[in-house]
There are 2 protein chains.
Amino acid sequence: MDPLEAVGPAPDLVSDVFARACTSRAAFEDVTSRWSSLALLALGEGPHRFGELRRRVEGVSERMLAQTLRALERDGLITRSDAGTIPPRVDYALTPLGAQVAAGLRGLADVLESAVPEIDRARLDYDAR
Amino acid sequence: MDPLEAVGPAPDLVSDVFARACTSRAAFEDVTSRWSSLALLALGEGPHRFGELRRRVEGVSERMLAQTLRALERDGLITRSDAGTIPPRVDYALTPLGAQVAAGLRGLADVLESAVPEIDRARLDYDAR
DNA sequence: AGATGGCACTTACCAATAGTTAGTGTCGAG
DNA sequence: CTCGACACTAACTATTGGTAAGTGCCATCT
């Protein structure tokens, strides 16, 4: 057996989010970047058109949304389907991998949403000093 | 029964990460911001000193790490304990809430770490166009 | 019928944000 | 006796992100 061939089977041990050069770190940064997480969360509720996403994710500029969606598509987390019609119609949806990620983000969002009173208290305490 | 009184009991329904003005949105952005998530991930492995975190999270500047940790402390996700000695010694650790969040982030990181081959493939495909 | 707004973007410009470098004061190691 | 570690902060600069406007076509409102 080729020794080079034998390296393949355990790729999960070599990927590390903490490593600057690792793909997982880059993907993690893409996923957790300001608008990506919100976009993934929105797509977790079902496919959306560009304008729908723009309205759902309060505060995104069109520029940043387009940029964000391109990055997520590149990482294979979402699909983009352009109907090619006029007026234009483009639908975005999660891939299976994207769905996993979105589920994780939903979990995080749930934790934080229900912790709002606790967080507000902590902030008040902190700001009092 | 006072109609105003009846609104109180379900605070989980009023917090929404998508709402720009909601505390949960702000906290979510703090948690998912570039260095926070990595810092929380590191603290998920146990308490760390400032310098330890700096080394663990490859690429953070001292400035950004200090800023990040202050934000997380303010939100009640981590604690900061200054021994007051010289040379200085400051330990950071997760609060129970922070631990919940860190666990969620760990899940995300695990998904992405094991999806590295898939992501690499998706990127190659995308870039080929 | 002419103006308005939605569609999914892109481009140019400028403000805000993040990274880089240098400094603080004390101590232990070489 | 100079160097580095420690946990930061302050000043400067590079990069990023938000704002505003433009694209071309169509449907609706007036």
Side-chain angles (χ1 to χ4, degrees), chain A residues 18-21 25-40 42-43 46-75 78-93 126 129, chain B residues 18-21 25-40 42-43 46-75 78-93 126 129:
Chain A
F18 288 108
R20 248 204 320 235
R25 162 83 171 255
F28 191 74
E29 285 182 5
D30 282 347
V31 164
T32 59
S33 70
R34 183 154 191 204
W35 304 111
S36 299
S37 33
L38 258 6
L40 288 169
L43 291 175
H48 284 69
R49 300 180 60 175
F50 185 88
E52 289 171 347
L53 281 174
R54 175 149 170 49
R55 280 186 297 273
R56 186 79 231 261
V57 180
E58 269 184 50
V60 217
S61 63
E62 300 190 338
R63 175 171 134 71
M64 287 315 295
L65 184 57
Q67 219 170 91
T68 294
L69 292 172
R70 246 180 280 131
L72 294 176
E73 193 197 351
R74 188 172 109 96
D75 288 343
I78 65 175
T79 55
R80 184 193 116 106
S81 43
D82 187 341
T85 57
I86 281 175
R89 176 187 180 99
V90 181
D91 284 284
Y92 291 92
Y126 186 92
R129 298 179 244 160
Chain B
F18 288 108
R20 248 207 316 236
R25 162 84 172 256
F28 191 73
E29 284 182 6
D30 282 348
V31 164
T32 58
S33 71
R34 184 154 190 205
W35 304 112
S36 299
S37 34
L38 258 6
L40 286 169
L43 290 175
H48 284 70
R49 300 180 60 174
F50 185 88
E52 288 171 347
L53 281 173
R54 174 149 169 50
R55 280 186 296 274
R56 185 82 232 260
V57 181
E58 269 184 53
V60 217
S61 63
E62 301 190 338
R63 174 171 136 71
M64 288 315 295
L65 183 57
Q67 218 171 91
T68 294
L69 292 171
R70 245 181 281 132
L72 294 176
E73 193 197 351
R74 188 172 110 96
D75 287 344
I78 65 175
T79 56
R80 184 195 117 107
S81 43
D82 187 342
T85 57
I86 280 174
R89 176 188 180 99
V90 181
D91 284 284
Y92 292 92
Y126 186 92
R129 297 179 246 158

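Labels below follow one simple rule: chain letters A, B, ... track the order of the sequence lines, proteins then strands, and each chain is numbered from 1.
Listed by residue number, the members of residues 51-61 of chain A with any heavy atom below 4.0 angstrom from DNA chain C are A:Gly51, A:Arg55. If you check residues 79-90 of chain A against DNA chain D, the residues with a heavy atom closer than 4.0 Å are A:Ile86, A:Pro88, listed by number.
Within the 4.5 Å cutoff, no side-chain heavy atoms of A:Tyr126 are placed close to those of B:Asp75. For the pair A:Thr32/B:Arg34, no side-chain contact is recorded, criterion being any heavy-atom separation below 4.5 Å from C-beta on. When side chains are defined from C-beta on, A:Leu65 counts as touching A:Leu53, because their heavy atoms get closer than 4.5 Å.
The CD1 atom of B:Ile78 lies 11.0 Å from the CZ atom of B:Arg70; values are rounded to the nearest 0.5 Å.
Distance, A:His48 NE2 to C:dA8 C1': 16 Å, rounded to whole Å. Atom CD in A:Glu29 sits roughly 11 Å away from atom P in D:dG17 (whole-Å rounding).
Evaluation of the side-chain contact (heavy atoms from CB on, under 4.5 Å) rule for A:Ser81 yields A:Asp91 as partners, not counting sequence neighbours. For A:Glu29, the side chain to side chain donor-acceptor pair (under 3.5 Å) partners at least two apart in sequence or on another chain are A:Arg25. By the side chain to side chain donor-acceptor pair (under 3.5 Å) test, A:Arg80 pairs with A:Asp82, sequence neighbours left out.
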Between protein and nucleic acid, restricted to nucleotides 9-16 of chain D and to nitrogen or oxygen atoms under 3.5 Å apart, what atom pairs and distances do you find?
| unit_1 | atom_1 | unit_2 | atom_2 | d |
| --- | --- | --- | --- | --- |
| D:dT9 | OP2 | B:Arg70 | NH2 | 2.9 |

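Residue A:Trp35 places no side-chain N or O under 4.0 Å from the OP1 or OP2 atom of D:dG17. OP1 or OP2 of D:dA5 has not a single side-chain nitrogen or oxygen of B:Arg49 nearer than 4.0 Å.
At distances below 3.5 Å, at least one donor-acceptor pair connects side-chain atoms of A:Ser36 with backbone N or O atoms of A:Asp30. The main-chain N or O of B:Arg20 is found under 3.5 Å from a side-chain atom of A:Glu58 such that the two form a donor-acceptor pair. When atom types are taken as modelled, the side chain of A:Thr85 and the backbone of A:Pro88 share no donor-acceptor pair closer than 3.5 angstrom.
Remark on DNA chain D: of its neighbouring residues A:Gln67 and B:Leu69, the 5'-side contact belongs to B:Leu69, judged by nearest-heavy-atom nucleotide.
The cationic group of A:Arg49 does not satisfy the cation-pi geometry with A:Tyr92, failing either the under 6.0 Å distance to the six-membered ring centre or the 45° limit from the ring axis.
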